[in-house]
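Encoded as C-alpha cells, the structure appears first; notes follow it.
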Amino acid sequence: MGSGGADPGGRVTITEIARQAGVSVPTVSRVVNGRSDVSPRTRARIEDLLRRHGYRKRPAAPGTRAALLDLVFNDLDSPWAVEIIRGVEEVAHAAGVGTVVSAIHGRSGDAREWMRNLRARASDGVVLVTSALDPTLHEELQILGVPLVVVDPAGSPALDAPTIGAANWAGGLAATEHLLSLGHRRIGLIAGPPRLLCSRARLDGYRAALEGAGIPRDPSLVVPGDFRPESGFTACGTLLDLPEPPTALFAASDQMALGAIEALRRRGLRVPQDMSVVGFDDLPEVRWSAPPLTTIRQPLADMGKLAVRTVLRMTRDEQPDSPRVELGTGLVVRASTAPPA
C-alpha cells in the first residue's frame, strides 16, 4: 500500500479507496479482508468503490493476519515492558490479531518513522505505553481513524484517548504504611522521574502515609531515580551517607529496589536486619531476590489485556466504559521487611 492514489504499476491503493469513501484506511482494510466489524452501509460504499476501480487484493504471505495492532513503548529494556507485552499478546492472540511492537525512544524522528510504517501496514489500533505522543502524530491517527489507548500516561492525559493506569497513590500509601506498621519512623524514598504521573502519585501516597502517622516531612529522605537499578544503587548510597540514615526504604520500582539492596550489600549491611526495603511492580524475578522482595503488585499484564480489549471495542465503534481506568495495586509481603533493629 502506498500513500498516493496508485502504486507504480497503476493499481489503485487502499489509501485512495479510503479517501474516496471518506473512511479510514483500517476500515477499508477490514472490508478487503472480509472482516464483519464494519457497518452494512459503509461496507456497501467501500465495496462499490473497490469494484469500480477493479481492486484486487494482493496475495497474502503465508501466515499473514488480516488484523494488526501496534504496541508502542518509549523503551523495551525493562522486565516491566515484557509484562505489558505478555498481557497484550494473550488477548490479541485469542482475538486473532497480530501485534507489532515498536520502541520510539522518545525521539521525534523515531516516532515519525513509526507513523510511516503504521500507515503502510494499515494497523487497526494502537496501544501507547507511557510515551507522550506528539500532537501532530495524534492528529494523523485521528485522520486515519486508528483507535488509540494510552497505558500508564506520562502526565495528565493531554491526548483525547482512553487511558489505563494503576492505583499508584494507593500503592505508595500501602508501601509506606507497611513500614510504619513495623515500627519504622525514618523512611527513605527513592522516587521515580518527577515528569511521570505515576511517580508523582507514588510520592504523594508516601507523603500521605507519613502525615497520617504524624511524622513531619524530611526532604533529605526523598532521592530521585529513573526506575533503573543503577539509579536505585546511587540513591541508596546518598541516603546511607546522611548524618541520620533511614531504617527503611521504599523504592518506587522493583528494579531500583534491587539496586538499593546491592548498595546495602556492598556496605556490609543486611536486608532486613539493618534496612527494610519495599519495591513497586512485583516483577517475576523479585520473588527470587536475596531476600525475596516485599513490594507493591502492579497489574502490568492486566493493564495490557484491558488496553487490547478497549482498542478492539473501539474498532467496532463502541465507546469505552470510562475514559480513565485505574486497576488496583496491592501489598505483597516477603522477607525484605522487618521491625527496625
Side-chain angles (χ1 to χ4, degrees), residues 1-3 15 24-26 29 65 67-89 91-92 97-166 168 192-200 225-231 253 255 281 283 298 300-301 303-308 310-312 314-315 324:
M1 288 168 238
S3 58
T15 306
S24 69
V25 170
S29 179
R65 286 179 175 172
L68 275 179
L69 178 71
D70 266 62
L71 175 59
V72 187
F73 293 86
N74 249 357
D75 294 293
L76 288 169
D77 60 348
S78 165
W80 183 90
V82 173
E83 289 298 294
I84 296 275
I85 292 170
R86 190 165 61 81
V88 166
E89 273 292 306
V91 174
V97 177
T99 308
V100 179
V101 181
S102 305
I104 58 176
H105 306 291
R107 295 191 291 260
S108 60
D110 289 346
R112 284 192 294 270
E113 175 71 17
W114 162 71
M115 179 61 80
R116 283 193 294 271
N117 292 334
L118 177 132
R119 280 197 301 267
R121 60 180 167 258
S123 281
D124 293 82
V126 174
V127 174
L128 187 68
V129 184
T130 71
S131 310
L133 189 65
D134 184 281
T136 58
L137 296 180
H138 184 227
E139 286 173 20
E140 286 192 54
L141 285 177
Q142 290 179 314
I143 291 168
L144 289 171
V146 180
L148 169 68
V149 173
V150 181
V151 175
D152 203 18
S156 300
L159 301 176
D160 182 21
T163 63
I164 295 167
N168 290 290
R195 71 181 185 280
L196 298 182
L197 187 65
C198 62
S199 301
R200 298 198 297 272
D226 63 7
F227 289 152
R228 293 181 170 85
E230 296 82 3
S231 69
S253 80
Q255 289 197 295
D281 285 330
L283 297 174
Q298 181 173 203
L300 297 168
M303 289 158 68
K305 291 176 186 178
L306 181 57
V308 177
T310 304
V311 164
L312 294 179
M314 293 168 73
T315 64
R324 169 71 181 170

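With hydrogens and angles ignored, the 3.5 Å screen pairs a side-chain donor or acceptor of Ser253 with a backbone N or O of Phe227. No donor-acceptor pair closer than 3.5 Å links the side chain of Asp152 to the backbone N or O of Gly165. Of the possible polar contacts, one joining the Asp226 side chain to the Arg228 backbone as a donor-acceptor pair under 3.5 Å is found. Not one N or O on the side chain of Thr163 forms a donor-acceptor pair closer than 3.5 Å with the backbone of Val150.
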>> Test side chain to side chain contact (heavy atoms under 4.5 Å, CB included) on Val149 and Met314; report intermediate values, then the result.
In response: CA-CA 9 Å; Val149 173; Met314 293 168 73; 3.9 Å; yes
>> side chain to side chain contact (heavy atoms under 4.5 Å, CB included) for Ile85 and Leu76? Distances and angles first, verdict last.
In response: CA-CA 10 Å; Ile85 292 170; Leu76 288 169; 4.1 Å; yes
> Ile84 and Val127: side chain to side chain contact (heavy atoms under 4.5 Å, CB included), yes or no, with the steps?
Replying inline: CA-CA 10 Å; Ile84 296 275; Val127 174; 5.9 Å; no
> Could you go step by step and tell me if Leu300 and Leu283 meet the side chain to side chain contact (heavy atoms under 4.5 Å, CB included) rule?
Replying inline: CA-CA 9 Å; Leu300 297 168; Leu283 297 174; 4.0 Å; yes
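Listed here is the closest heavy atom pair of Arg200 and Pro194: NH1-O, 3.1 Å. Residues Val311 and Val126 come closest through the heavy atom pair CG2-O, 3.7 Å. Nearest heavy atom pair, residue Gln255 against residue Ser78, reads OE1-OG, 3.7 Å. For Arg121 against Ser102, the heavy-atom pair with the smallest separation is NH2-OG, 4.2 Å.
Arg112 meets the side chain to side chain donor-acceptor pair (under 3.5 Å) test with no other residue; sequence neighbours excluded. Listed by chain and number, the residues in a salt bridge (charged side-chain N to carboxylate O under 4.0 Å, His left out) with Glu230 amount to none (sequence neighbours excluded).
Side-chain atoms of Ile104 and Glu113, non-hydrogen and from C-beta on, never get closer than 4.5 Å to each other. At least one side-chain heavy atom of Gln298 sits under 4.5 Å from a side-chain heavy atom of Trp80. A heavy-atom distance below 4.5 Å is found between the side chains of Leu118 and Leu141. Side-chain contact between Leu69 and Val88: present, with at least one pair of heavy atoms (C-beta onward) separated by less than 4.5 Å.
If you run side chain to side chain contact (heavy atoms under 4.5 Å, CB included) between Pro193 and each of Ser199, Ser231, Cys198, only Ser199 comes through.
Counted by atom type alone, Asp70 and Ser123 present one or more donor-acceptor pairs between their side chains at under 3.5 Å.
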